[in-house]
Amino acid sequence: MRKTFLIFIYTFSICFLFGQSDDQEVWTSWYIKPLHGKTKQVEKGLIDHVKKHHGKGGWPEYYFDILSGPNQGSFAGWSGPHTWKAFDERVRSQADIRHWNQYVAPYVDTSNDQGTSFLVFHRNLKYGPDSTPEYYHLSWNMIYPGTGGQYKEIARKSKKVKETTNSKNYHNIYQVVSGSNPDTWLWEYPINSMEELNMSTGGGGASDMKKVLGDEGAKEFWELYRNTVRSRVREIQKLRSDMSTPADTTKTEED
């Protein structure tokens, strides 16, 4: 039953459309947790699957090792950038589906499967140059329902502070528009090495906030933050180029 459910999710999870503009940059993301002792089988299956069915110029898939957080030891899958229209127009081959069902699905633990999430990239909230690093520090921000407008204000002020102080702590911002945690925003910090992780975990942000916004402005910012963000989950993802579509871009170069 669990294997059947995984097959169903992979085959049908992207066959719908939200009535949003075609110029939005859309990404899909999912987790793959190997059954105990079956990590090598999943790796082998994904390498072969991407090579045969997600080559350069086709429907791209990028996979990452998860190095921290509640999904540590699993793989993260990403596909994009797409438009909403592209999901309507995509026709998956039966060979693609059969290969996944035969060489990947039998080795995946679906007991806690979260399904596929759809994320819209907010280019106007991005800070920093385009980059294609090996690592990404992800911060999943779960917000209270109905506070999306407040969260955008938080993101705009954060960007202003970084621009004013010429921060090197670059970020990309995505909004989860459908998935198991729909009231979620993702901050993605591109880093070139684990040594750079301190840029997105250090405490310099609070002092920079006061420099740019003033004491009262910083106080208002953190009050707005407390009334908007209910929890966070952070994880480190490392690109697996051997399991990813070979292309001129990776997950964020289009950002």
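What you see below is based on every heavy atom in this structure, not just the backbone, and it leaves out hydrogens, waters and symmetry mates. Every value quoted in this text rests on a predicted model; they were computed, and no experiment measured them.
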Report task. Keeping to residues at least two apart or across chains, list the salt bridge (charged side-chain N to carboxylate O under 4.0 Å, His left out) pairs with something in residues 70-82. Result -> none
Query - Polar contact flag, side-chain donor to acceptor under 3.5 angstrom, Trp84-Gln24 - result: yes
Query raised in the report: Regarding Thr28 and Trp78, is there a side-chain donor-to-acceptor distance under 3.5 Å anywhere?
Result: no
Query raised in the report: Residues in side chain to side chain donor-acceptor pair (under 3.5 Å) with Lys162, at least two apart?
Result: His171
Query raised in the report: Between Lys51 and Leu46, is there a donor-acceptor pair closer than 3.5 Å when you use the side chain of the first and the backbone of the second?
Result: no
Query raised in the report: Under a single-linkage rule joining Ile, Leu, Val, Met, Phe, Trp and Tyr whose side-chain heavy atoms are separated by less than 4.5 Å, which residues share a cluster with Tyr127?
Result: Tyr170
Query raised in the report: Between Arg230 (side chain) and Ile143 (backbone), is there a donor-acceptor pair under 3.5 Å?
Result: yes
Report summary line: For residues 28-50, the salt bridge (charged side-chain N to carboxylate O under 4.0 Å, His left out) pairs (sequence neighbours left out) are Lys33-Asp109, Lys40-Glu43, Glu43-Arg240, Asp48-Lys52
Report task. Please list, chain by chain and in numerical order, all residues satisfying ring pair (Phe, Tyr, Trp, His ring centres under 6.0 Å) with Phe75, sequence neighbours excluded. Result -> none
May I have the list of side-chain donor-acceptor pairs in residues 217-225 shorter than 3.5 Å, sequence neighbours left out?
none

Query raised in the report: When Tyr174 is tested against each of Phe118, Phe121, Trp140 for ring pair (Phe, Tyr, Trp, His ring centres under 6.0 Å), which residue passes?
Result: Phe121
**Report entry** Met194/Tyr135 under side chain to side chain contact (heavy atoms under 4.5 Å, CB included): CA gap, chis, key distance, verdict
**Finding:** CA-CA 8 Å; Met194 293 293 286; Tyr135 296 90; 3.9 Å; yes
Report task. Mind checking side-chain contact (heavy atoms from CB on, under 4.5 Å) for Ser68 and listing every partner two or more places apart, or none if nothing turns up? Result -> Glu235, Ile236
Requested in this report: Using the test ring pair (Phe, Tyr, Trp, His ring centres under 6.0 Å), find all partners of His122 that sit at least two apart in sequence or belong to another chain.
Outcome: Trp185
Query raised in the report: side-chain contact (heavy atoms from CB on, under 4.5 Å) with Ser93: which residues, sequence neighbours excluded?
Result: His53, Ala95, Asp96
Report task. Please identify each residue that fulfils side-chain contact (heavy atoms from CB on, under 4.5 Å) with Thr164, with sequence neighbours left out. Result -> Lys160, Val212
Query raised in the report: Residues in side-chain contact (heavy atoms from CB on, under 4.5 Å) with Arg156, at least two apart?
Result: Leu125, Lys152, Glu153
Query - Proximity of Tyr189 and Tyr136 rings by center, below 6.0 Å - result: no
Report task. Please determine if Asp130 and Lys126 form a salt bridge, counting it only when a charged side-chain N lies under 4.0 Å from a carboxylate O. Result -> yes
Requested in this report: Report yes if the distance between the aromatic ring centroids of His82 and Trp27 is under 6.0 Å, otherwise no.
Outcome: no
Query raised in the report: Got a sec, which residues hit side chain to side chain donor-acceptor pair (under 3.5 Å) with Thr228, two or more places apart in sequence or on another chain?
Result: Gln150
